Number of protein chains: 2
Amino acid sequence: MPSNAEPAPVSAKPPVTLREVAAAAGVSVATASKALNGQGRMTVETRERIRETARRLGFRPNSLAQSLLRKRSFTVGLLTNDTYGRFSLPLMAGVSDALVDKGVSVFLCNVEDDQRLGQLHVEAMLDKRVDGIIATGKRIDRHLPVDLSNLRIPVVYAFTQPDPGAVGLVSDDAGGARLAVEHFLRLGRRRIAHVSGPASFAVVHARAKAWRDVLKENGLAVSEPLLGAWSEGWGHEAVEKLFGKAGRDGWPDAVFCGNDQIARGVIDALRERGIRVPDDVGVIGFDNWEIVAEATRPPLTSVDMNLSTLGREAGLALLSLVDGQPAAPGIRKLPCRLVVRQSCGGPPE
Amino acid sequence: MPSNAEPAPVSAKPPVTLREVAAAAGVSVATASKALNGQGRMTVETRERIRETARRLGFRPNSLAQSLLRKRSFTVGLLTNDTYGRFSLPLMAGVSDALVDKGVSVFLCNVEDDQRLGQLHVEAMLDKRVDGIIATGKRIDRHLPVDLSNLRIPVVYAFTQPDPGAVGLVSDDAGGARLAVEHFLRLGRRRIAHVSGPASFAVVHARAKAWRDVLKENGLAVSEPLLGAWSEGWGHEAVEKLFGKAGRDGWPDAVFCGNDQIARGVIDALRERGIRVPDDVGVIGFDNWEIVAEATRPPLTSVDMNLSTLGREAGLALLSLVDGQPAAPGIRKLPCRLVVRQSCGGPPE
DNA sequence: CGGCCCTGAGAAAACCTTTTCCCAACCCGC
DNA sequence: GCGGGTTGGGAAAAGGTTTTCTCAGGGCCG
C-alpha cells in the first residue's frame with residue numbers, strides 16, 4: 001500500500017560528476033578536469049566558465065577515483081592500543097589536526113593488545129591503500145601487537161617502541177625530569193626525593209637517572225628512588241617511607257613524582273600528616289593530567305609531555321615520508337614542558 | 001654520484017592486481033574475479049587453481065576500485081569534539097570494534113568546537129565517499145558545530161544532541177540515577193542527598209528528577225538538589241553545606257553525586273570531618289571513571305553509562321541504515337549499570 | 001603564399017575491479 | 001543428424017578521474 005504523503009527522501013540523488021559538469025559547460029571531461037586543476041591550456045573564459053559551472057552544480061571530485069589513479073589515497077592509519085588511557089587522545093588529536101589541513105584523513109584503529117585485531121586493522125588499511133601508518137601506544141617501551149616491518153608504505157612510531165631502522169617519536173623523559181629537578185633547585189630545595197612507578201617501565205629508569213644526574217651535577221647527595229605503582233595509594237605509602245622516620249632534619253624538602261596520580265597521593269598524605277605543601281615540601285608530578293593536577297590542593301606543578309605536539313610532529317613526519325623525503329631513522333625525542341602551578345612555592349626568602 | 005651499495009628499498013613493488021593473478025592462472029580477469037568472489041560458473045578445478053594462484057601471489061583486492069564500483073566505501077566518519085575528555089574514547093573504541101569485523105573502517109574527525117574544522121572534516125568525508133557518519137560529543141545536550149542535516153548519507157548521533165528526525169543514542173541518565181537511589185534504599189538509607197553539576201547541563205536535571213521521583217515513590221522527604229560544578233572542589237563545598245549545620249540528626253545518610261569527581265571531593269571532605277564512609281554516609285558517583293573511582297577511599301560505587309556499548313550500538317545502527325534498513329528516528333536511551341564498590345556498605349544490621 | 005609553430009581543446013588510455021551479456025562447445029533426446 | 005539446453009569461460013562496459021597524445025586552426029615569418 002503506497003503511502004501518498006511520504007516526505008521527500010533525504011536526497012538520494014547521487015553526487016555530481018565531472019562528466020556532468022563538462023556537459024553543462026559544453027566541454028569534454030578532459031578539459032573540465034584540467035580547468036579545475038589549473039592544468040592544461042585554454043582561454044581564461046573557458047576555464048572560468050567551467051569553474052563557475054562546477055561551483056553552481058556543487059561539484060566535488062570523487063576521492064576514490066582520484067586515489068585509484070594517483071596511487072595516493074590521502075589517508076593514513078592510526079594504530080593505538082591505548083583506548084582507555086589518557087595518552088592517546090591528545091596524541092590522536094594532534095595527528096588529526098596536523099593532517100586535516102593537508103587533506104589527509106585518519107583511520108582510527110583500536111587494536112587493544114590483540115594480535116588478531118591488529119592483523120585485521122593492518123590488512124584493512126593496506127586494502128584501503130592508506131599512504132602510511134602511525135603506530136601509537138600507551139607505553140613508550142612496548143611494541144604494538146602487530147608487525148609493521150615490511151609494509152611497502154611508510155610507518156612512523158609515536159609514543160611506542162619503534163622497529164629497528166624505523167622512525168620513532170617519543171617524549172624526552174630525561175629532559176622532562178631535568179626540568180622538574182632543576183626547577184626545585186632554582187627554588188632552593190636541596191633534599192629532593194623521587195617517587196615513581198614500577199621498575200618494569202623504561203621511563204621510570206630514564207627519569208630516575210636524570211633526577212640523579214642533576215643532583216650529582218649540583219653536588220647534592222643522591223639516594224635511591226622509590227619505585228612502586230602508578231597510583232595514589234603508592235604515593236601515600238611513599239610518604240610513609242619518606243616522612244615516617246622521626247627527625248624532621250632527614251626529611252626531603254621536595255618530592256618529584258613519576259606521575260600525577262602518585263603526586264596526588266603524596267600531597268594528600270602530606271596534608272594528613274600536617275606537612276605543608278609547598279611551604280615544607282614542594283611536589284612536582286609528571287604527565288600534566290590537568291584534571292588531576294588542578295584538583296590537588298594546592299594545584300600541582302607538573303611536567304607536560306606535549307603529546308599533541310608529538311602527534312602533530314608524527315603526522316608531519318609521516319607526510320614527508322609519504323612524499324618521498326627520506327627521514328633519518330631512529331628515535332627523535334621531543335622536549336617536555338614544565339607547567340608551574342602552586343605545589344612548589346616561590347623561592348625561599 | 002650513484003651509490004653502489006644501496007640497501008634494497010623497503011619494497012617499492014606495487015601490490016598484486018587481479019590482472020596479474022588472472023594472467024598467472026591463465027584465465028581472464030572476469031573469471032578470476034568470479035572465482036575469488038564465489039560468483040559465476042566454472043569447474044571446481046579452475047576455481048581452486050585461481051584461488052591458489054591468488055594466495056600464492058598474495059593478492060588483495062584494491063578497496064578503492066571496489067568502492068568506486070559498488071558505491072560503498074566501507075568507511076564511516078566519526079565526528080567528535082571531545083578530544084580531551086574521557087567520554088569519547090570508550091565510545092570511539094566501541095564504534096571501531098563494532099565495525100572492524102564487518103570490514104568497515106572509521107575516520108577519526110576531531111572538530112573541537114570549531115566550525116571551520118567541522119566543515120573541513122565533513123567535506124573530506126563526503127569526498128571520500130564515506131557510507132555514513134557518526135556524530136559524537138562531550139555533552140548529550142549540545143550540538144556539534146556542524147550541519148549534518150541534508151547529507152544524502154545516513155547519520156547517527158551518539159552522546160550528543162541529534163538533529164530533529166535523526167536517530168540518536170544516549171545513555172539513560174534517569175535510569176542510571178534510579179539505579180543509584182534504589183541501591184541506597186535497598187541498603188536501608190533514607191536521607192539521600194543529591195550533589196550535581198551546573199544547572200546548564202540537561203543531564204543534571206534528568207538525574208535530579210529521577211532522584212526525586214524515586215524518593216517520592218517511596219514516600220520519603222524530598223529536598224532540593226545541590227547544583228554546582230563538576231569538580232572535587234564543589235564536592236567539598238557541598239559537604240560543608242550538607243554537614244555543616246549542627247545536629248547529626250538532620251544529616252543525610254547517603255549522597256548521590258552527579259559525577260565521580262564530585263564524589264571524590266565529597267568522600268575526602270567527609271573523611272576530613274571524621275564522618276565515616278560508608279558507615280555513616282554512603283556515596284555513589286556517576287560515570288564510573290575507573291581511575292577515580294578506584295582511588296577514592298573507600299573505592300567508589302558508581303553508575304557506568306556503558307559508553308563502549310553505546311558506541312557499538314551506534315556503529316551497528318549506522319550500518320543497518322547504510323544497508324537501507326529504515327530506523328525509527330528519535331532518541332534511543334541505553335541503560336546504565338551500577339558498579340558496586342565499597343562506598344555504600346552493606347545493608348544495615 | 002607556404003611552412004612552421006603555437007594555441008586551445010578533445011579522444012582515449014589508464015587506474016582496478018565487478019557484472020552483464022555473450023559465445024562456443026558439448027551433451028542429450030528425438 | 002539436428003535443435004535445444006547446459007556448461008565453462010571471456011569480452012566489454014561501468015565507475016570517475018587524470019594525463020598523455022593528437023589534432024585542427026590560426027598567426028607569423030620568410
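From a predicted model like this one, the values you see are computed outputs, not experimental measurements. Chain letters run A, B, ... following the sequence lines, proteins first and then strands; every chain starts at 1.
Across V104(B) and L319(B), no two heavy atoms sit closer than the pair CG2-CD1, 4.0 Å. Heavy atoms only, all atoms of each residue included: L144(B) and G137(B) are closest at CD1-CA, 4.0 Å.
K138(B) has a carboxylate O that lies under 4.0 Å from a charged side-chain N of D113(B), or vice versa, which qualifies the two as a salt bridge.
Side chains of Q119(A) and E123(A): a donor-acceptor N/O pair is present below 3.5 angstrom, by distance only.
Not counting sequence neighbours, E112(B) has no partner by the salt bridge (Lys or Arg N to Asp or Glu O under 4.0 Å) test.
Atom CZ of R49(B) is separated from atom C1' of dG8(D) by 12 Å (rounded to the nearest Å). Distance M42(B) CE to dG10(D) P: 9 Å, rounded to the nearest Å. Protein atom CZ of R41(A) is 13 Å distant from nucleotide atom C1' of dA24(D), rounded to whole Å.
One distance of note links CZ of R129(B) with CG of D127(B); it measures 6.5 Å at 0.5 Å rounding.
Within 6.0 Å of the CZ atom in R55(B), the count of heavy atoms belonging to other residues, nucleotides or ligands exceeds 12.
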| Under the side-chain hydrogen bond (donor to acceptor under 3.5 Å, both in side chains) criterion, do H143(A) and D163(A) qualify, and how do the steps go? | CA-CA 8 Å; H143(A) 254 99; D163(A) 278 327; 3.0 Å; yes
Contacts under 3.5 Å, N or O only, protein and nucleotides 15-19 of chain D:
from, atom 1, to, atom 2, distance (Å)
dG15(D), O3', K71(B), NZ, 3.3
dT17(D), OP1, N62(A), N, 3.2
dT17(D), OP2, L18(A), N, 2.3
dT18(D), OP1, N37(A), ND2, 3.4
dT18(D), OP1, Q66(A), NE2, 2.8
dT18(D), OP2, S33(A), OG, 2.8
dT18(D), OP2, N37(A), ND2, 3.2

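Running 5' to 3' along DNA chain C, contacts with non-hydrogen atoms of chain A at under 4.0 Å begin and end at dT7(C) to dC16(C).
Across all strands, T46(A) comes closer than 4.0 Å only to sugar-phosphate atoms, never to a base (heavy-atom distances).
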